[in-house]
Amino acid sequence: MDRWSGYLNTHKDRFLGELLGLLRIKSVSTDPAYQAEVRGAARWTADRMHQAGIEGVRVMETGGHPVVYGEWLHAPGKPTVLIYGHFDVQPADPLQLWTSPPFEPLVRDGRVYARGASDMKGNLVLPILACEAWLQTEGALPVNVKFLFEGEEEIGSPSLAPFITDHRELLACDVAVSADSAQYNEEQPALWVGLRGLCGVQIGVRSAATDLHSGVMGGIAPNAVHALVRIIDSLRSPDGRILVKGFYDDVLPLSQAEREALARLPDDTAAIKRQTGIRAVCGEPGFTPLERNWVRPTLDVNGMWGGFQGEGSKTIIPCEAHAKITCRLVPNQHPERILECLKAHIAAHSPAEVAVSVSPMCGHAESYMVSPDHWGMAAAGHTLATLYGKAPFHMRMGATVPVTALFLKLLGVDTVSFGFGMDDEQIHAPDEFIRLSNFEQGQRAFCMLLPELGLRGPAR
């Protein structure tokens, strides 16, 4: 048995306790009320990296939420690996749907329940623990390692591009490894070869200076909520096709080989329905559920509000209404162009009797693709095959990890997605959790990945 493996077993209770401490920090990046908590999570991460034996650890300012950097660069001739993760989390709302409080982590039935458990605090600590295990048992790492942990991933990483641009030399590396990832299931490993991009807008509608009495002004005053509903309804056809002019112009058609490769993967529709409670899958006609979920673009309303929403009745004509919309983008679509298409469509479909504003929402991100033949992917594939006893699926993923495209554009390196969450772990939803078995499996996996990257990567 590798000595690092014994170290992980000896300290597994301590590692779990440390994760629970991180999960108690309410590092919600989208809400200014939690700014100090996000900074607290950055300090926790920096302290834990220093404790692990990582050098040069520091919390660095970005103009937004901070990032944490660290390094261990004492493996001459070996490649340099940049490990990425994020310590911010999604809001916990709606709180009433949680079985236990979201920031009071609960261990139950082999799972840890808390906001951020799977996405991605449980994954963030894995490479730190792996480095500690190597350094405590071998006194050295098999590769050179740099760490970049951020606090803005859940809002689209708006400060990351200028930070990377300003610190190219500090972050220079041969490959990046993102711990913000997942496996297919507990028995079948997976590697992501593609991620969708992201952009979004917030729509504001105003119809009067104030809410109006629905009897006194009913029949003559415009209703902001009605106007917003008309705009929202114009965005998609009843069968799921997006009706925004120009939205599909740059989408590359799927090749027959790509469609055949996707068709060979298991059909998880029934399992998805059971896990999520949806009555039926839906979406753009002419594509399979897997194609819609991974390789076609989307447009979704994330929230709408306006008018009276308290208990009972209030007979008003609302003077304002709002909606948040995000789009997941596929290769060759560009966020800036899609935003312009959205603005033009909303302007063309806004009723004349109301004033409508459209503002970009969240940081935007390009989609990302990596070749399965990349040496970093080969190292990760060998690691997972050894650990699980079967080769990993090569998957596209419908979600967005903005840093992957940024690393390629600004540092000229590809990113290997190597994380141990699961799609069914309620990320971004109430009762988020991570399996303890995956938390422990991920520690072993990172310990195994480091020497594989050293063997396969370019010599320096």
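Residue numbers start at 1 and run along the sequence shown.
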Inset, instruction - Please report the closest heavy-atom contact between Ala133 and Cys447, naming both atoms and the distance. - result: CB-SG, 4.1 Å

Inset, instruction - May I ask you to check whether over 12 heavy atoms, not counting those of His167, lie within 6.0 Å of atom NE2? - result: yes

Inset, instruction - Check the angle between the aromatic planes of Trp72 and His74 and answer parallel, tilted or perpendicular using the 30° and 60° thresholds. - result: perpendicular

Inset, instruction - Is it possible for you to check whether Arg241 lies under 6.0 Å from the centre of the six-membered ring of Tyr248, through NZ or CZ, and within 45° of that ring's axis? - result: yes

Inset, instruction - Over 60° means perpendicular and under 30° means parallel, so classify the ring planes of Phe407 and Tyr84, tilted if in between. - result: perpendicular

Legend entry - Minimal non-hydrogen separation, Leu453 against Val143, with atom names: C-CG1, 4.0 Å

Inset, instruction - Check the surroundings of atom NE2 in His428: do more than 12 heavy atoms from other residues, nucleotides or ligands lie under 6.0 Å from it? - result: yes

Inset, instruction - Mind telling me whether Tyr388 and Phe420 have parallel, tilted or perpendicular rings, with 30° and 60° as the class edges? - result: parallel

Inset, instruction - Say whether, by atom type as modelled, one donor and one acceptor occur between the side chain of Lys121 and the main chain of Leu22 under 3.5 angstrom. - result: yes

Legend entry - Nearest-0.5 Å distance, OG1 of residue Thr383 to CG of residue Leu191: 9.0 Å

Inset, instruction - Count the heavy atoms belonging to other residues, nucleotides or ligands that lie under 6.0 Å from CD of Glu284, then report whether that count exceeds 12. - result: yes

Inset, instruction - Write down the atom of Asp414, the atom of Met369, and the distance for their closest heavy-atom approach. - result: OD1-O, 4.3 Å

Inset, instruction - Run the salt-bridge test on Glu154 and Arg115 with the 4.0 Å N-O cut-off and return the result as yes or no. - result: no

Inset, instruction - Enter the distance from Met395:CE to Leu262:CG here, rounded to the nearest 0.5 Å. - result: 10.0 Å

Inset, instruction - Could you tell me which non-hydrogen atom of Cys131 sits nearest to which non-hydrogen atom of Leu141, and how far apart they are? - result: O-CD2, 3.8 Å

